[in-house]
Amino acid sequence: MDALDLAGMDVLDLSRLQFGVVTVYHFLFVPITIGLSFLVAIMQTAWVRTNNEKWLRATKFFGKIFLINFAMGVVTGIVQEFQFGMNWSDFSRFVGDIFGAPLAVEGLAAFFMESVFLGLWIFGWDRLNKKLHLATIWLAAIGTLLSAYFILAANSFMQHPTAYTFNPETDRVELTNFFEVLFQSTAVVAFAHTITAAFLTAGAVVAGISAWLLVKGKSPDVARSTMKLGIVTILLGAAGLGITGDQQGRVMVEQQPMKMAAAEALYETAAPAPFSIFTIGTLDGSEPVFSLDIPHGLSLLATHTLDGEVQGINDLQEQYEQEFGPGDYKPNIPVAYWSFRFMIGFGMLAGVWALYALWMTRKGRVPHGKWFRRSALLVPFLPLIGNSFGWIFTEMGRQPWVVFGLMQTESGVSPTSTSGLVITSLASLTLIYAILAAVEFDLIRRAVIIGPPEEVADPFVADESGERPMSITY
Amino acid sequence: MDLAAVWFVLIAVLWSGYFVLEGFDFGVGILMRPLAKNEGERRAILTTLGPVWDGNEVWLLVAGGATFAAFPEWYATMFSGFYLPLLLILLALIVRGVAFEYRSKRSDLKWRKSFDWAITVGSFVPALLWGVAFANIVRGVPLRAAEPAGNILYDGDALLNLLNPYALLGGLTTLFLFMTHGAVFLTIKMSGTIHDRANKIATPLGLIAAVLAVVFLVWTQVAYSGKPETWILVVVTAGLWVGGIIAHRIGKEGLAFTLSAATMVSTVAYLFWVLFPDVFRSSNDPALSLTIYNAASTEYTLTVMTIVAAIFVPIVLLYQAWTYWVFRKRISGDAIPSPESGSLDYPDEAKPSVPVG
């Protein structure tokens, strides 16, 4: 079956690589879509309420960037739904009775809402009245939230299976309570954490671009207001990430202790357990030459007590061998350890930049200097990197399981897949994604360079011929 | 009530909706280049799809999601078995969706031309391959039972088994049905010269589609149906299509489009009826076929999903229909400003001070 052999990778490795590539790529666009839809809705609301033209110009400007990004989120999302069946058909068979439901509900309840109301928003400037048009962007934004919720509920079942029975006759898990799958603690905290990350990301996009415009002196009236909005969003998002991350950490210690131990490279059970900031030595932190720790930090994080016991990797390995039989139940420790740190680090950097930007614009000052200007263009990338590492941590920290405690990843892969097939799809999707990334980046770059429009005719006021200005976007 | 049967029907409804809505999307996408003589006309044609194409495509996503939720075995076996055709469809849909949104984001005509090709190819490939896929589902594909669990797996060649004459005829049938459907859509959505050109091309396209569809349906009925009663839908489908051609000829544009849409529904309904109660047929051993019974989710999951569908399907239909009402006004190819005008209400290059809308 495996005639082709890419650097010693088998079908399982290739399928995992493909899932990683297309999912991390998809998730570059998702948080921007979620956060920016709300920020654009806020800008348009500000215009409708104050009638101040700068907010209409802001809406048009960030609306354009939002749409360039949204298109990528939509088309890469289709791959997400198809690939479970294509590459992971035995996983789909095993969990379909439970996992398929939130996906179907997402399409029905959320995805229709997003795309239909966004279509109305884009093309409806000259067709709808002012309030109704404003409602369409809010409905699209709410649609993105719902969509995120259902997907995260499905993913949470993989992290912490609940409300199921195993049916030996059909050899699959079967649903016993849909509401428990939707509203289990894993899903609730994952949603809170992901959404705050989405707001941090969108805040960084808006604040970074606005700061650049401000230094360049382009539409300073618009840029100053949107920069404020962006900075506030970053700071709220960063604070929210701290709180929700803490919640999620505690749920994780309880439900997936191995993931937390791997995140800390904590080999032996400890009470109190320190929080490792970084180590120098081996990549997996097993023999540190130098390490910087916060004493009691992990105990505090995991148990909310100073001396709480946190289980180590070796004890958990032993425990799992007794529970599930012989095998290796450790995830890739270096990946878990470092991706956890990069996730937190890059997110925090964005927060630090927001404080720096606040300082630069204190008391109405006009920010200046090439360092500030350059840092402004980098800041949107910080949360994007943090988000990617967050998902890499969540998914790789769960290994060797695809559904924790129930199905190992190697059992989920399609039995009909061959290396040739998976390489074909991996190569073609990666190629097309790379091209589209370059195209998208270039379009956003151009849009930013042009900056917000200098003036925009009120789309809801008819001109002398009695017609409203025609809105064309295609 | 047999919930598995209900979900079989619901999935047929979702595919019908998809064929009706994205069917004309595909048709318009294929016809855009031949029908438009200049940039303004191309933009006008694309503007008929602009507000709706994404919502139309969600019907596919929901059909896929519903199959996953209601018939996991069907989803798993079909999606892993039809790996390459689905990959091609995915690539086409990716390129096409991005092309719609990106082509007018720059005024550069060369840029726009490349995306025009992306729209043509991205519409052509799925329009053909959905027919190929459905024909193969009805015809049956080689399947085997995996040890030890007995899961049913696709057992054919990645592509060659799927490219048989019957399936290719199915592909050509959907291709021409969608092209005609798209042309008829343009006759109700446009005015001026493009309207006239679409009007002219619809008849020959409709006649070719009629011949292909009749041969395909009769072949299906004779070779793969095994149910005499499904002849009814062969006749109904043909009747609706011929009625559509006549309505078109006598200038009843709204009626012609309605009949064309009804033909899409009737075609999908026919294929699903022929298939019932199978969902994924074996060509080598009928005992291996996946049916609504051995591929379905549990009664509980189906009940939950039925409640969800009963709430959301009407709501979705309502607001999606409202979108079409909001954008009901015909678009004229002459009304769209010159190519230099940009997108999203202000020019995208060079002249940031001239508001377009």
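Order of the sequence lines sets the chain letters (A, B, ...), proteins ahead of strands, with each chain counted from 1. What you see is a predicted model; the values in this text were computed from it and never measured.
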Can you tell me which portion of [X] sits under 4.5 Å from chain B's heavy atoms? Options are side chain, backbone, both or neither.
X	value
A:Leu139	neither
A:Asn177	both
A:Val422	both
A:Thr424	both
A:Ile432	side chain
A:Glu106	neither
A:Ile449	neither
A:Leu128	side chain

Query raised in the report: Parallel, tilted or perpendicular: which describes the rings of A:Phe84 and B:Phe68, with under 30° parallel and over 60° perpendicular?
Result: tilted
Looking at [options], which makes the most heavy-atom pairs under 4.5 Å with chain A?
options	value
B:Ala69, B:Ala309, B:Gly81	B:Ala69
B:Leu93, B:Leu46, B:Leu14	B:Leu46
B:Trp53, B:Phe327, B:Tyr154	B:Phe327
B:Gly150, B:Pro72, B:Ala70	B:Pro72
B:Val304, B:Val308, B:Val316	B:Val316

Report task. For the pair B:Glu101 and A:Val74, evaluate side chain to side chain contact (heavy atoms under 4.5 Å, CB included) and give the outcome as yes or no after the intermediate values. Result -> CA-CA 11 Å; B:Glu101 297 299 325; A:Val74 168; over 6 Å; no
Query raised in the report: Distance-only, no hydrogens or angles: does the B:Tyr300 side chain make a donor-acceptor pair with backbone N or O of A:Leu175 under 3.5 Å?
Result: no
Go through the atoms of [X] and report whether side chain, backbone, both or neither lie under 4.5 Å from a heavy atom of chain A.
X	result
B:Ala158	side chain
B:Phe71	neither
B:Ala44	neither
B:Thr67	neither
B:Phe82	neither
B:Leu159	neither

Within-4.5 Å side-chain heavy-atom neighbours: [X] and [Y]:
X	Y	answer
A:Ile78	B:Leu90	yes
A:Glu81	B:Leu60	no
B:Val98	A:Met72	yes
A:Leu429	B:Leu91	yes
B:Pro51	A:Arg127	no
A:Val439	B:Trp111	yes
B:Asp54	A:Leu118	no
A:Leu120	B:Trp322	yes

Out of [options], return the one with the most heavy atom pairs under 4.5 angstrom to chain B.
options	result
A:Val95, A:Thr176, A:Asp171	A:Thr176
A:Leu103, A:Val75, A:Leu108, A:Asp97	A:Asp97
A:Gly124, A:Ser414, A:Pro102, A:Ala101	A:Ala101
A:Phe117, A:Phe70, A:Tyr433	A:Phe117

Could you give the distance from [atom1] ([X]) to [atom2] ([Y]), rounded to the nearest 0.5 Å?
X	Y	atom1	atom2	result
A:Arg172	B:Thr298	CZ	OG1	6.0 Å
B:Leu87	A:Leu421	CG	CG	9.0 Å
A:Arg93	B:Trp74	CZ	CH2	14.5 Å
A:Ser428	B:Leu88	OG	CG	8.0 Å

Query raised in the report: Of the options B:Phe312, B:Tyr319, B:Trp59, which is the one that meets A:Phe112 in a ring-ring contact (aromatic ring centres under 6.0 Å, His included)?
Result: B:Trp59
Query raised in the report: Run the side chain to side chain contact (heavy atoms under 4.5 Å, CB included) check on A:Phe178 and B:Thr301 step by step: do they pass?
Result: CA-CA 8 Å; A:Phe178 188 53; B:Thr301 298; over 6 Å; no
Query raised in the report: What heavy-atom pair brings A:Gly107 and B:Val58 nearest, and what distance separates the two atoms?
Result: O-CG1, 3.9 Å
Report task. Might you work through the side chain to side chain donor-acceptor pair (under 3.5 Å) test for A:Ser425 and B:Tyr83, ending with a clear yes or no? Result -> CA-CA 9 Å; A:Ser425 61; B:Tyr83 197 102; 2.8 Å; yes
Requested in this report: Kindly indicate, with the supporting measurements, whether the criterion side chain to side chain contact (heavy atoms under 4.5 Å, CB included) is fulfilled by B:Glu73 and A:Thr170.
Outcome: CA-CA 10 Å; B:Glu73 298 283 335; A:Thr170 51; over 6 Å; no
Query raised in the report: Is the CZ atom of A:Phe441 crowded by more than 12 outside heavy atoms at less than 6.0 Å?
Result: no
